[in-house]
Amino acid sequence: MADPILLPTVAALAGGSLLIRDYLKRRLSTPEDRFMSLFGTEQWEWSNMDMTIHCAPEDDAALKAAFCERLQARLDTEPAEMSLLREVALQTDKGLQFVESDVAVADVCRPRNGIWLDLDRVGSIRVVWSHVQTDGVGMWNLLRPLFDPNPPIVPYTEVPVPPPIVPEIAALPSVARRLTWRSSLRGQLADGASLSKGFAVWDARNVRAARELMGGAFNLVSSALVVAEVFRRHADRRNLNVGLTAYFPFLEGRNRYAVFLCRIKRGSVADILRQLHKQTRSQLVNWGTTSAQAWALGRVPDRVFAKAVSALRGKIDVLISSLPVGQDPIELAGIRCQISGHPWTLTLPYYFLIVGTRHELHVSYTSKFEQDETFLDLTGLGIAPPGED
């Protein structure tokens, strides 16, 4: 007769072995691709975003001519690198299927289930893209060669793949704590109401001056300023759940980012910065939190998965993405440009995109709350323009 203890032991070891193998197989996957595809299959435009290139009205014709000429040249000479622009999605009973075909610039100047251009507005080129296809970094990598050369702010280096298991174990207290958090803002749009969208340009010298006073990483300082502005807008809120996007180039998939959630108490910009730094300083825990959540979500069926991701997103009050683009001002054919980014739909109260150079920060916001002309005005936070007391 078999030992009554032996069979459960063997079963437990076999089950544990299967879990470990499944974890090692899925650890570099991301739930974002699956989430976007689930909704994109039924309504492609749900995950659309605008990345808009702005210029002075008098430069409109020259900018668009140079942009289209350079884009067509890349399509003609670098077909492999332009695969994102060549593909469109077909909505089928089996989900989304991407197909590629030869295209010219004229072919992408109309709405489609893929990247397309709107050249009709004076002073802007609107590039429409979907998160089903790629994340913001992937979109920028597609567009960056069209602009004039611009040395990166931080040299891009290879990021090693984190070790297995240890980060997830280290992150377990962080994961458990975040599951208990609830959002503080309830932005509900009235029937027929539109999202509030805006764009501000900050002099980077202001942010560097704040950094010299408070210390900290530049991107955390700019994020702290944004969070402080949201607190100023919502004077009755004591806490905000702030999501910071992190890009992991070693992830497998189209979207290679994750969102790390911080619980921030009301305070000065310096107070907010200290809290952001404290909750994001451990890269091991940051990755472990991301990996543990992704693995758990990957184990559930689509219906449960969609609800779980929606619940996690529902915890976020403010989501901030940062995109450093170069040392110099953004130019295309010598024409100064600014870049904004806005999602078409929003599942949380606030989304910010900060596009940065050493000279300027282009800060876009999309919100379920109405804003006035003082929103994102740094002087409201007590930060004076350069040269002023």
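Just so we're clear, the structure is a prediction, and the values are computed from it rather than from any experiment. Count residues from 1 along the sequence.
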*Asks:* If I take atom CD from residue Gln72 and atom OG1 from residue Thr77, how far apart are they, to the nearest 0.5 angstrom?
*Replies:*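 OG1 of Thr77 is found 10.0 Å from CD of Gln72.
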*Asks:* Identify the heavy atoms of Leu63 and Ile335 that sit nearest to each other, and give their distance.
*Replies:*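 Heavy-atom minimum between the residues: N-CD1, 3.5 Å.
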*Asks:* Gln275 side chain to Lys265 main-chain N or O, any donor-acceptor pair under 3.5 Å?
*Replies:*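 Side chain of Gln275 to backbone of Lys265: a pair is present.
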*Asks:* Looking only at non-hydrogen atoms, find the nearest pair between Asp102 and Asp107 and report the distance.
*Replies:*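 Heavy atoms of Asp102 and Asp107 come nearest at O-OD2, 4.4 Å.
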*Asks:* Is it true that a side-chain atom of Ser364 and a backbone atom of His342 form a donor plus acceptor pair closer than 3.5 Å?
*Replies:*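 No, because the side chain of Ser364 does not come within donor-acceptor range (under 3.5 Å) of the backbone of His342.
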*Asks:* Hey, does Phe147 have a side-chain heavy atom less than 4.5 Å from the side chain of Ile339?
*Replies:*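 Of all side-chain heavy-atom pairs linking Phe147 with Ile339, at least one is under 4.5 Å.
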*Asks:* Report yes or no: is the cationic atom of Arg178 (NZ for Lys, CZ for Arg) closer than 6.0 Å to the six-membered ring centre of Phe260, at no more than 45° off its axis?
*Replies:*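 So Arg178 does make the cation-pi contact.
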*Asks:* Any side-chain heavy atom of Phe35 sitting closer than 4.5 Å to one from Leu297?
*Replies:*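 No; the side chains remain at least 4.5 Å from each other.
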*Asks:* My understanding is that only residues two or more places apart in sequence, or in another chain, count here; which of them pass salt bridge (charged side-chain N to carboxylate O under 4.0 Å, His left out) with Arg70?
*Replies:*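 Residues passing salt bridge (charged side-chain N to carboxylate O under 4.0 Å, His left out) with Arg70: Asp148.
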*Asks:* Answer whether the closest heavy-atom distance between the side chains of Phe248 and Thr30 falls below 4.5 Å.
*Replies:*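 Phe248 vs Thr30: side chains apart.
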*Asks:* Hey, does Phe98 have a side-chain heavy atom less than 4.5 Å from the side chain of Val132?
*Replies:*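 They are in contact (side-chain heavy atoms under 4.5 Å apart), so the answer is yes.
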*Asks:* Does the Asp33 side chain pair with the main chain of Asn255, one donor and one acceptor, at a distance under 3.5 Å?
*Replies:*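 Here the side-chain-to-backbone pair exists.
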*Asks:* May I ask you to decide if Asn150's main-chain N or O and Arg144's side chain share a donor-acceptor pair within less than 3.5 Å?
*Replies:*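 Side chain of Arg144 to backbone of Asn150: no pair is present.
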*Asks:* Check Arg336 with Glu58, please: is the shortest side-chain N to carboxylate O separation under 4.0 Å?
*Replies:*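 Result for this pair is no, no salt bridge flagged.
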*Asks:* Under a 4.0 Å threshold between the charged nitrogen and the carboxylate oxygen, would Asp302 count as salt-bridged to Arg34?
*Replies:*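 Counted as a salt bridge, because a side-chain N and a carboxylate O are separated by less than 4.0 Å.
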*Asks:* Mind checking the CD-CG spacing from Gln97 to Asn113? Nearest 0.5 Å is all I need.
*Replies:*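 Answer rounded to 0.5 Å: 13.0 Å.
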*Asks:* Between the main-chain N or O of Thr52 and the side-chain N or O of Asp50, is there a donor-acceptor pair closer than 3.5 Å?
*Replies:*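 Checked: no pair found.
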*Asks:* Count the heavy atoms of every other residue, nucleotide or ligand shown that sit under 6.0 Å from CZ of Arg266, and state whether that count exceeds 12.
*Replies:*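 It does: Arg266 CZ has more than 12 such atoms within range.
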*Asks:* Relative to each other, are the rings of Phe199 and His362 parallel, tilted or perpendicular (30° and 60° limits)?
*Replies:*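 The rings of Phe199 and His362 stand perpendicular, inter-plane angle above 60°.
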*Asks:* Counting only heavy atoms not in Glu370, do more than 12 sit closer than 6.0 Å to its CD atom?
*Replies:*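 Check fails, neighbour count at 12 or below.
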*Asks:* With side chains defined as the heavy atoms from C-beta onward, is the minimum distance between Tyr351 and Ser321 less than 4.5 Å?
*Replies:*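 Tyr351 reaches Ser321 side chain to side chain.
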*Asks:* For the residue pair Val318 and Ile264, establish whether any side-chain heavy-atom pair is separated by less than 4.5 Å.
*Replies:*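 Not touching, per the 4.5 Å side-chain cut-off.
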*Asks:* State whether the side chain of Arg313 and the backbone N or O of Leu348 hold a donor-acceptor pair below 3.5 Å, judged by distance alone.
*Replies:*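 Absent.
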*Asks:* State whether the number of non-hydrogen atoms from other residues, nucleotides or ligands found under 6.0 Å of Glu69 atom CD is greater than 12.
*Replies:*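 Not more than 12 within 6.0 Å, no.
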*Asks:* Restricting to non-hydrogen atoms, name the atom on Ile153 and the atom on Pro324 that form the minimum distance, rounded to 0.1 Å.
*Replies:*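 Heavy atoms of Ile153 and Pro324 come nearest at CD1-CB, 4.0 Å.
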*Asks:* Check for a donor-acceptor pair, side chain of Glu42 on one end and backbone N or O of Gln91 on the other, with a separation under 3.5 Å.
*Replies:*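 Judged by distance alone, no pair lies under 3.5 Å.
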*Asks:* Judged by modelled atom types alone, do Ser367 and Ser196 share a side-chain donor-acceptor pair under 3.5 Å?
*Replies:*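 Not at all, the side chains of Ser367 and Ser196 share no donor-acceptor pair under 3.5 Å.
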*Asks:* Less than 6.0 Å separating the ring centroids of Phe39 and His131?
*Replies:*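 Here the rings of His131 and Phe39 have centres that are no less than 6.0 Å from each other.
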*Asks:* State, to 0.1 Å, how close Ser83 and Glu100 come at their nearest heavy-atom pair, and which atoms those are.
*Replies:*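 Distance-wise, the nearest heavy atoms are CB-OE2, 3.6 Å.
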*Asks:* Short question: side chain of Arg254, backbone of Glu32 - any donor-acceptor pair under 3.5 Å?
*Replies:*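 No; zero donor-acceptor contacts below 3.5 Å.
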*Asks:* Using modelled atom types and a 3.5 Å cut-off, is there a donor and acceptor pairing between side-chain atoms of Asp271 and backbone atoms of Ser268?
*Replies:*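 Indeed, once roles are kept as given, a pair shorter than 3.5 Å links the two residues.
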*Asks:* May I ask you to test the Phe250-Arg256 pair for a side-chain heavy-atom distance under 4.5 Å?
*Replies:*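 No; the side chains remain at least 4.5 Å from each other.
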*Asks:* Under 4.5 Å between side-chain heavy atoms, chaining through other members, with only Ile, Leu, Val, Met, Phe, Trp and Tyr counted: pull out the rest of the cluster around Trp344, sorted by chain and number.
*Replies:*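 Joined to Trp344, directly or through intermediates: Trp116, Val128.
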*Asks:* Examine distances only and state if a side-chain atom of Lys64 and a backbone atom of Ile125 form a donor-acceptor pair shorter than 3.5 Å.
*Replies:*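 Side chain of Lys64 to backbone of Ile125, a donor-acceptor pair under 3.5 Å: no, none is there.
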